Amino acid sequence: MNLSKLFTKSDQRGIARPSELATAGVTAATIARMKQKGLVVQLGRGLYQLPDASTDTHHSLAEAAKRVPKGGVALISALAFHDLTDTITSMVWLAIGPKDRQPRLTHPPMQFVRFSPERLQEGVETHIIEGCPMKIFSPAKTVVDLFRYRRSAGTRYRHSTGLNLALEGLREVLRTHKAKPAEIAAFARKAGVWKAMQPYIDAMTANG
């Protein structure tokens, strides 16, 4: 059995769920034998990878994409993906819908926040990480969401990312031109945080 061809055929390039392997004719017993022989590595419950598969720097995001396909990479994780912060987080921050079931997972560590259906659909980009399509919020949407979660009080903000990180993200996205002020303002108005963001944007763009 050509395992590399099998994984690539499903467009996973090294990461797959048992259901995806079953579709290709690989039974649970076969998976168990391959695992015992070291032909595949179990990353966690329900995720397998080829032992010699190349690992992307955003490997944990690829795992998260497999485990929570409805989720979108948000806040700190999205900021880091877009190279807009030096902050290192041990968790993958994922946005899910208000009624979506929150998986009880231990690997990779995940921090869930709930977005309204509208917020969950806005500013979504699709990036391929280790062959896995991953929904990641755009730089403009991400900095706006950071301002939405900047507070430290209230039910919504129990997982606050803080104002300092929001300001860092805004400063970097403007400096690197990964989003235009008008684009950020449009998302901010929809999210109801334009009044909070406008003074900072005006100050950061005052000299052109």
Side-chain angles (χ1 to χ4, degrees), residues 10-23 42-49 56 58-82 84-85 87-162 165-166 169 179 183-184 186-193:
S10 298
D11 196 28
Q12 308 309 322
R13 298 186 184 179
I15 300 180
R17 290 178 177 273
S19 59
E20 293 165 338
L21 295 176
T23 300
Q42 186 169 2
L43 300 174
R45 184 179 179 181
L47 277 187
Y48 295 89
Q49 182 182 42
D56 191 278
H58 300 294
H59 178 74
S60 60
L61 300 186
E63 288 192 55
K66 281 293 180 183
R67 294 183 179 279
V68 192
K70 290 184 178 180
V73 176
L75 299 169
I76 303 176
S77 294
L79 200 67
F81 177 83
H82 293 298
L84 295 172
T85 182
T87 299
I88 299 175
T89 175
S90 60
M91 301 179 292
V92 176
W93 286 69
L94 288 179
I96 57 177
K99 296 182 179 180
D100 289 343
R101 184 178 65 84
Q102 181 173 315
R104 295 182 179 180
L105 303 171
T106 58
H107 185 81
M110 300 184 197
Q111 180 65 69
F112 293 95
V113 291
R114 294 191 181 276
F115 284 11
S116 68
E118 182 182 5
R119 299 283 177 267
L120 201 59
Q121 298 300 319
E122 291 176 342
V124 175
E125 300 177 349
T126 300
H127 295 266
I128 305 299
I129 302 174
E130 295 184 13
C132 302
M134 187 77 201
K135 291 183 287 187
I136 301 176
F137 291 103
S138 69
K141 176 67 160 54
T142 295
V143 296
V144 169
D145 287 335
L146 285 166
F147 268 86
R148 289 178 61 227
Y149 281 83
R150 72 193 184 282
R151 300 177 184 174
S152 57
T155 302
R156 174 188 292 180
Y157 309 103
R158 61 183 179 275
H159 302 307
S160 173
T161 50
L165 192 62
E183 182 184 3
I184 298 171
F187 281 118
R189 289 189 177 94
K190 290 181 180 179
V193 293

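These numbers were taken from a predicted model, which means no experiment stands behind them.
- The closest side-chain heavy-atom distance from Arg114 to Ile96 is below 4.5 Å.
- Residues His127 and Phe81 have side chains in contact (heavy-atom distance under 4.5 Å, counting atoms from C-beta outward).
- Taking the side chain as every heavy atom from C-beta outward, Arg67 and Met110 approach each other to under 4.5 Å.
- Smallest separation of non-hydrogen atoms from Leu120 and Ala95: CD1-O, 3.7 Å.
- The shortest distance between side-chain heavy atoms of Pro139 and Glu125 falls below 4.5 Å.
- The shortest distance between side-chain heavy atoms of Ile136 and Ile129 falls below 4.5 Å.
- Rounded to the nearest 0.5 angstrom, Asp145 CG and Trp93 CH2 are separated by 11.5 Å.
- A donor-acceptor pair under 3.5 Å is formed between the side chain of Lys141 and the backbone N or O of Arg119.
- Closest approach of Leu75 to Thr142, counting heavy atoms only: O-CG2, 3.5 Å.
- A 4.5 Å side-chain heavy-atom check between Leu94 and Val73 finds at least one atom pair inside the cut-off.
- Looking only at distances, no side-chain donor or acceptor of Arg150 sits under 3.5 Å from a matching main-chain atom of Gly162.
- When ring centroids are compared, Phe115 and Phe137 come within the 6.0 Å threshold.
- In summary, of the residues considered (Leu79, Leu84, Thr85), a side-chain contact (heavy atoms from CB on, under 4.5 Å) with His82 occurs for Leu84 alone.
- Taking both residues in full, the closest heavy atoms of Pro133 and Ala65 are given as O-CB, 3.9 Å, listed atom of the first, atom of the second, then distance.
- One N or O on the side chain of Lys135 and one on the backbone of Lys70 form a donor-acceptor pair closer than 3.5 Å.
- Annotation for Ile184 and Val144: closest pair O-CG2, 3.6 Å, computed over non-hydrogen atoms.
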